[in-house]
Amino acid sequence: MLFKNILMSLNIQHLSRLAVGLSLNPSLHLPTLRHNNNITAGNQTSTSDFLLLAFSSHQELLFPLFLVLYLAALLGNVLILLAVGSDSRLQTPMYVLLFNLSLADLCFTSATVPRLLYALLTGDQTISHSACLSQVFFFLMAGNVDSYVLAAMAWDRYVAICKPLHYATVVTLPRCMVLLGAVWVGTALHSLLHTILLARLTFCSNRGLPYFFCDIHPLIHLACSDTSLNYMMVLVEGGSVIIVPAICIVASYVFIGAAVCQIRAPGGLRKAFSTCGSHLTVVILFYGTVVSVYLQPPGQVEGQEEPQDLVAIVMFSVVSPTLNPYIYSLQNREIKAALTKLFVGS
């Protein structure tokens, strides 16, 4: 009995020393306890990670589809960049605009599709907080550059058709370079503003995003802190980024349509359509889906998990940048000649 009491007292002293040591040196905590503090029990992901819930099934079918689309986007846009960059005869305003459109499309798809391909291939749908914010920044910047370059192209076509005698003096290369510089800087500042506003938010335990990439609306919806400033900036400043280029494009085509209706020369209508048809196709494909996703009433923001919204998102973020070079540029004779000279030789 005496031996048993001695053992009990020794055990109590040992446990008390261990408790004091753990309180003085937190690094002595057991690994399993630290692991459980940093990992959620449900899905074994870091508490600072987000989950990209779109396309969580049928990965074996979706992976080759998105891989083909991404490779086609890379091929088409890189060919445009090589053609315009290598041929001095293409250093004109129209082709400089094409160059920037392809560059923006390349950034647009590369901001989201590689991460989607990784998720489809490995099944890992998590994305860290910092990677999510980086994705928001580059996705917004590239998409807005796309929008403004399409507006600049509409202005270029307007001058070419409505004021052909003044085209050489109005649409000059220095003026286009200044315009494009302002577009890239302005869209970068716009994207940085929204990224900073998102970075100040705190998020709830539910971190599942209904998209296959990080975007403003679903992130704001998941936030636990006050999002009134974010919503105000999205509606006022963010909405203007979509509406202003769209108004410029519509106004340009109103004047172009009025000028085309006055054409009496044989083949004039066909020539005007060949000049604007490709650009108009790209504009409809891009803006038709962007408007359906981003210009929704506030009460419908929570409904973005619906399949039709996901289809629209894929159309403007993946399909449109993939088709742009094939619709707009690679059918151009000057582009074909530049590529032939580049790869085959003169």
Side-chain angles (χ1 to χ4, degrees), residues 73 76-78 80-81 83-85 90-112 134-160 167 170-197 215-216 233-234 236-253 255-256 276 278-291 293-295 316-317 320-321 323-325 327-329:
N77 288 297
V78 168
I80 300 303
L81 297 178
V84 177
L90 300 183
Q91 306 300 318
T92 62
M94 183 179 72
Y95 290 106
V96 169
L97 291 173
L98 282 177
F99 183 93
N100 281 265
L101 180 66
S102 292
L103 185 60
D105 285 338
L106 198 59
C107 296
F108 202 32
T109 53
S110 297
T112 58
S134 299
Q135 198 174 57
V136 169
F137 174 81
F138 288 107
F139 180 79
L140 285 179
M141 184 179 70
N144 290 327
V145 170
D146 241 1
S147 179
Y148 279 105
V149 170
L150 288 174
M153 287 179 166
W155 167 69
D156 174 80
R157 294 300 85 200
Y158 157 74
V159 178
Y167 182 84
V170 174
V171 186
T172 62
L173 187 58
R175 187 170 294 174
C176 280
M177 297 302 292
V178 171
L179 176 63
L180 290 169
V183 166
W184 282 97
V185 172
T187 53
L189 293 176
H190 159 82
S191 303
L192 184 61
L193 169 65
H194 287 282
T195 305
I196 291 174
L197 290 177
D215 200 11
I216 292 180
M233 296 306 297
V234 166
V236 178
E237 195 269 345
S240 64
V241 170
I242 299 176
I243 294 173
V244 170
I247 291 175
C248 293
I249 293 172
V250 170
S252 297
Y253 275 102
F255 287 110
I256 289 173
C276 301
S278 298
H279 177 262
L280 194 57
T281 303
V282 171
V283 167
I284 293 173
L285 181 62
F286 179 78
Y287 273 99
T289 50
V290 166
V291 169
V293 173
Y294 289 105
L295 296 186
F316 87 82
S317 64
S320 178
L323 295 180
N324 282 353
I327 294 174
Y328 200 99
S329 307

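Heavy atoms only: backbone and side chains are in, while hydrogens, waters and symmetry mates are out.
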Trainee: Could you list the residues that satisfy side chain to side chain contact (heavy atoms under 4.5 Å, CB included) with I284, not counting sequence neighbours?
Mentor: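 Per chain and number, I284 pairs via side chain to side chain contact (heavy atoms under 4.5 Å, CB included) with L280.
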
Trainee: Specify the closest pair of heavy atoms between I242 and P245, including all atoms of both residues, with the distance to one decimal.
Mentor: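 Heavy atoms only, the tightest pair is O-CD, 3.5 Å.
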
Trainee: Looking only at heavy atoms, what is the nearest atom pair of F286 and G143, with distance?
Mentor: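 The answer is CZ-O, 3.8 Å.
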
Trainee: Just jot down the side chain to side chain contact (heavy atoms under 4.5 Å, CB included) partners of L97, sequence neighbours excluded, or say none.
Mentor: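 Scan of L97 (side chain to side chain contact (heavy atoms under 4.5 Å, CB included), adjacent residues dropped) gives A152, M153, D156, L180.
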
Trainee: I would like to know whether L106 and L81 meet side chain to side chain contact (heavy atoms under 4.5 Å, CB included); could you show each step before the answer?
Mentor: CA-CA 10 Å; L106 198 59; L81 297 178; 4.0 Å; yes

Trainee: So, do S102 and N324 sit near enough that their side-chain heavy atoms are less than 4.5 Å apart?
Mentor: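 Side chain of S102 against side chain of N324, heavy atoms only: no contact under 4.5 Å found.
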
Trainee: Quick check: closest heavy atoms across A142 and A104, and the distance to 0.1 Å?
Mentor: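 Closest approach of A142 to A104: CB-O, 3.6 Å.
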
Trainee: Who are the side-chain hydrogen bond (donor to acceptor under 3.5 Å, both in side chains) partners of Y253, not counting sequence neighbours?
Mentor: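 side-chain hydrogen bond (donor to acceptor under 3.5 Å, both in side chains) check on Y253 returns H279.
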
Trainee: How close do I80 and L98 get, counting heavy atoms only, and between which atoms?
Mentor: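 So the minimum-distance heavy-atom pair works out to CG2-O, 4.1 Å.
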
Trainee: Please table the atom pairs, donor to acceptor, closer than 3.5 Å between any side-chain atom in residues 183-191 and protein atoms at least two apart or in another chain.
Mentor:
residue	atom	partner	partner atom	Å
W184	NE1	N100	OD1	2.8
T187	OG1	V183	O	2.7
T187	OG1	W184	O	3.1
H190	ND1	E237	OE1	2.7
H190	ND1	E237	OE2	2.7
H190	NE2	N144	ND2	3.0
S191	OG	M141	N	2.9
S191	OG	T187	O	2.9

Trainee: With M177, which residues qualify under side chain to side chain contact (heavy atoms under 4.5 Å, CB included), at least two apart?
Mentor: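 Here the qualifying residues are V96, L173.
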
Trainee: Applying side chain to side chain donor-acceptor pair (under 3.5 Å), which residue pairs with at least one partner in residues 146-155 are found, sequence neighbours left out?
Mentor: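 Found S147-Y287.
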
Trainee: Could you work out, with side-chain hydrogen bond (donor to acceptor under 3.5 Å, both in side chains) as the rule, every residue matching S110, not counting sequence neighbours?
Mentor: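 side-chain hydrogen bond (donor to acceptor under 3.5 Å, both in side chains) list for S110, sorted by chain: Y70.
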
Trainee: Not counting sequence neighbours, which residues clear ring pair (Phe, Tyr, Trp, His ring centres under 6.0 Å) with Y167? List them please.
Mentor: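 Ring pair (Phe, Tyr, Trp, His ring centres under 6.0 Å) list for Y167, sorted by chain: empty.
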
Trainee: So which atom in C176 and which in V171 form the shortest heavy-atom distance, rounded to 0.1 Å?
Mentor: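 Looks like SG-CG1, 4.0 Å.
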
Trainee: Output all residues satisfying side chain to side chain contact (heavy atoms under 4.5 Å, CB included) with L197, sequence neighbours left out; order by chain, then residue number.
Mentor: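 Expected list: L193, R200, L229, N230, M233.
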
Trainee: Taking ring pair (Phe, Tyr, Trp, His ring centres under 6.0 Å) as the test, write out the residues that go with F139, two or more places apart.
Mentor: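 Listed in chain order: F108, F213.
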
